[in-house]
Amino acid sequence: MTTTRTTATAPDADESGARGLRRAGELLRQGLGLIGPRHAWHTLPGDQLDALALPIGDDGVVAGVDAEGRPAVLGINRPTPYDVVLIGGLWTAQVLALRTAATGARVAVETGRPQSWMQMVHAMGGGQNGLAVYEVGRVPPQGASAGTPVLVVRDCGMRPPRGRVVAGPWQSVVTLLPYLSPAAPRLLRQARLTGIQRVSPDEAAELGRTMGLSRTEVESLPGLPDGVTLWCTDRDRQYVLTQPTDAEIGLLGNPRRMD
């Protein structure tokens, strides 16, 4: 004799679930939003909320690491005009351009040595994917916006002419100076951020007077290793080591001050 066992709760459970789905659909159609947690494993006690904390730092382009090994971030894409001067090597400027493009910004390079940038252009899809190179004085309006921020890199030698395309909302400008030049005082006055790599003792002394650097900072500049930059604002100073990724080394080589 075979005994068949039936479970009366299963149909009730199915019916209850169906009613819940219908109720959820009605609420959504009425514009009341999503349904909250309905099971214990979807909830978290209040005393465990700290476990959800995420280590979120500054927003921007990672220029390298500081003296404590923490990421050092430059806020390149911003809604206000932002002028940056880098007294240093082409390698660092190109790394910053690559990393800025990786954030979704477009990069326009104004240069008198386009051959030095062609490898980057080809690696990024022939100028169609975020980076374009122009002759000096030939950079067209970029149409920067919050959705498509722009970085203009001016690689125009010791005496860069006044640019036709200037910093504006969502359009930052980085001017690269290989050494201190007669144009430097004007550019430093208008810059909101200045990066200084290894320079001669005389240049370091001049920068110390112009920028109000401490004696320790002035004395450090002639001995900075390749890849190290002293980034300066009106109030802050920070030494940053730019550590390239394997892809950046493959494209640009190892860090270097001279080109």
Side-chain angles (χ1 to χ4, degrees), residues 55-78 80 82-105 107 109 120 131 149 151-155 167 172-180 184 187-188 190-201 203-208 210-259:
I56 299 175
D58 294 334
D59 183 22
V61 177
V62 178
V65 296
D66 63 16
E68 285 73 39
R70 297 170 302 194
V73 176
L74 304 183
I76 297 294
N77 303 326
R78 57 179 63 208
T80 55
Y82 198 59
D83 278 293
V84 181
V85 172
L86 173 61
I87 302 171
L90 177 65
W91 184 89
T92 301
Q94 291 183 326
V95 169
L96 291 178
L98 272 177
R99 295 182 180 183
T100 302
T103 68
V107 179
V109 179
M120 282 181 59
L131 189 145
L151 172 65
V152 178
V153 179
R154 304 200 70 217
D155 174 30
S172 298
V173 175
V174 173
T175 301
L176 174 64
L177 296 178
Y179 301 102
L180 211 57
L187 294 170
L188 292 174
Q190 71 185 35
R192 296 183 59 188
L193 177 68
T194 299
I196 308 170
Q197 298 188 311
R198 187 170 61 247
V199 294
S200 70
E203 289 174 306
E206 179 63 26
L207 286 167
T210 302
M211 301 182 60
L213 302 179
S214 69
R215 179 177 178 180
T216 301
E217 290 164 346
V218 170
E219 292 175 348
S220 74
L221 292 178
L224 291 181
D226 289 343
V228 174
T229 307
L230 175 61
W231 289 103
C232 309
T233 66
D234 290 340
R235 295 175 295 179
D236 298 317
R237 309 278 189 267
Q238 189 174 67
Y239 292 94
V240 174
L241 171 62
T242 301
Q243 298 174 315
T245 64
D246 290 342
E248 290 168 344
I249 292 175
L251 182 61
L252 304 174
N254 290 306
R256 59 190 181 277
R257 169 64 174 91
M258 304 295 294
D259 298 299

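Note that the numbering runs from 1 along the sequence shown for the chain.
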Legend entry - Qualifying residues under side-chain hydrogen bond (donor to acceptor under 3.5 Å, both in side chains), relative to Asn77, sequence neighbours excluded: Thr103
Legend entry - Any residue meeting side chain to side chain contact (heavy atoms under 4.5 Å, CB included) with Ala93, in chain and number order, not counting sequence neighbours: Leu86, Leu176
Inset, instruction - Could I get the full list of side-chain hydrogen bond (donor to acceptor under 3.5 Å, both in side chains) partners for Arg78, not counting sequence neighbours? - result: none
Inset, instruction - List the steps and the verdict of side chain to side chain contact (heavy atoms under 4.5 Å, CB included) for Leu207 and Ile87. - result: CA-CA 10 Å; Leu207 286 167; Ile87 302 171; 3.8 Å; yes
Pair up each side-chain donor or acceptor in residues 219-230 with any protein partner under 3.5 Å, not counting sequence neighbours, and list the distances.
residue	atom	partner	partner atom	Å
Glu219	OE2	Arg215	NE	3.0
Ser220	OG	Glu217	O	2.7
Ser220	OG	Tyr239	OH	2.6
Asp226	OD1	Arg198	NH1	3.1
Asp226	OD1	Arg198	NH2	3.1
Asp226	OD1	Arg257	N	3.4
Thr229	OG1	Gln197	NE2	3.1

Inset, instruction - State, with a plain yes or no, whether a side-chain heavy atom of Leu252 is found less than 4.5 Å away from one of Leu98. - result: yes
Legend entry - Minimum heavy-atom distance between Val107 and Ala97, given as atom pair plus value: CG2-O, 3.6 Å
Legend entry - Single hit among Asp83, Val173, Thr175, Val85 for side-chain contact (heavy atoms from CB on, under 4.5 Å) with Gln190: Asp83
Legend entry - Verdict with supporting geometry, Asn254 and Ile249, side chain to side chain contact (heavy atoms under 4.5 Å, CB included): CA-CA 6 Å; Asn254 290 306; Ile249 292 175; 3.8 Å; yes
Inset, instruction - Find the distance between CG (Leu74) and CZ (Arg99) and round it off to the nearest 0.5 Å. - result: 10.0 Å
Inset, instruction - For Glu203, enumerate each residue passing the salt bridge (Lys or Arg N to Asp or Glu O under 4.0 Å) test, keeping only those at least two apart in sequence or located in another chain. - result: none
Inset, instruction - Identify the two heavy atoms, one from Cys232 and one from Ile196, that lie closest to each other, and give their separation to 0.1 Å. - result: SG-CD1, 4.3 Å
Legend entry - Atom pair CD (Gln94) and CG (Leu131), whose distance is rounded to the nearest 0.5 Å: 9.0 Å
Legend entry - Backbone of Thr233 reached by a side-chain donor or acceptor of Arg235 within 3.5 Å: no
Legend entry - Which atom of Ala63 lies closest to which atom of Trp231, heavy atoms considered: CB-NE1, 4.4 Å
Legend entry - Shortest non-hydrogen contact from Asp259 toward Trp91: OD1-N, 3.9 Å
Legend entry - side chain to side chain contact (heavy atoms under 4.5 Å, CB included) involving Arg70 - partner list, sequence neighbours excluded: Asp66, Glu68
